[in-house]
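Notes follow the structure.
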Amino acid sequence: MRGGGFWLVQDTYELTEKELISHMSEIRKSLHMTQQELAQKSGSTQQEISRLEKQKHSPSVRTLCKILDSIDYQLTFTKKERKRKENER
């Protein structure tokens, strides 16, 4: 998902793809989990996790969800609130 990428909303803060991957890496490290352990738990390879964390690979949504599930997180979609124009009030 290069170029436009995707966004993840965490509370009211939006994360870009790069920030999301960085955040996932930080969570993995805070859990004292190696890339190999995360790979085994998520059904990926250590090489795939490494490439992902180095921003050399964009995961599929399925892979992303498996990785997030492995660190007790989930991908959630919510409807975006639209700002009303002055003439719509």
Side-chain angles (χ1 to χ4, degrees):
M1 302 202 180
R2 304 215 185 269
F6 56 82
W7 296 81
L8 176 78
V9 177
Q10 179 184 20
D11 295 323
T12 57
Y13 178 71
E14 294 180 344
L15 297 174
T16 64
E17 179 179 0
K18 184 176 182 178
E19 291 169 328
L20 170 63
I21 301 304
S22 177
H23 192 61
M24 285 175 23
S25 178
E26 290 172 14
I27 293 168
R28 175 187 64 76
K29 291 172 186 174
S30 76
L31 295 170
H32 306 288
M33 184 183 289
T34 66
Q35 289 180 344
Q36 183 64 40
E37 291 168 330
L38 178 58
Q40 289 173 338
K41 199 170 179 183
S42 66
S44 300
T45 65
Q46 183 275 327
Q47 292 82 2
E48 186 175 17
I49 300 298
S50 176
R51 289 181 61 224
L52 176 67
E53 290 184 359
K54 291 178 182 176
Q55 304 290 319
K56 296 184 183 282
H57 173 69
S58 291
S60 67
V61 172
R62 182 178 185 172
T63 299
L64 177 62
C65 288
K66 285 181 177 183
I67 293 169
L68 287 170
D69 186 57
S70 298
I71 56 174
D72 296 326
Y73 279 72
Q74 67 184 15
L75 183 64
T76 304
F77 290 93
T78 57
K79 182 162 176 45
K80 184 177 175 179
E81 292 292 325
R82 293 178 69 184
K83 293 183 180 180
R84 298 171 92 189
K85 294 180 182 177
E86 285 294 320
N87 59 358
E88 291 180 355
R89 292 182 185 184

Does either side chain, that of Ser25 or that of Ser22, offer a donor lying less than 3.5 Å from an acceptor on the other one?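 Their side chains do not contain a donor-acceptor pair, so the 3.5 Å distance test is not met.
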If only side-chain N and O atoms count, and only distance matters, is there a donor-acceptor pair under 3.5 Å linking Gln36 with Gln46? no
Distance from [X] atom [atom1] to [Y] atom [atom2], nearest 0.5 Å?
| X | Y | atom1 | atom2 | result |
| --- | --- | --- | --- | --- |
| Ile71 | Lys29 | CD1 | NZ | 12.5 Å |
| Leu75 | Ile67 | CG | CD1 | 12.0 Å |
| His57 | Ile49 | NE2 | CD1 | 8.5 Å |
| Leu31 | Asp72 | CG | CG | 7.5 Å |
| Leu64 | Asp69 | CG | CG | 11.0 Å |

The criterion is side chain to side chain donor-acceptor pair (under 3.5 Å); which residues satisfy it with Ser42, sequence neighbours excluded? Ser44
Go through Lys41 and Lys66 one step at a time and tell me if the side-chain contact (heavy atoms from CB on, under 4.5 Å) criterion holds. CA-CA 9 Å; Lys41 199 170 179 183; Lys66 285 181 177 183; over 6 Å; no
Shortest non-hydrogen contact from [X] to [Y]?
| X | Y | value |
| --- | --- | --- |
| Glu17 | Pro59 | OE2-CD, 4.4 Å |
| His32 | Glu37 | O-OE1, 3.7 Å |
| Arg28 | Leu38 | CD-CD2, 3.7 Å |
| Leu52 | Met24 | CD2-CE, 4.0 Å |

Under 3.5 Å, is there a donor-acceptor pair between the side chain of Glu53 and the main chain of Ser50? no
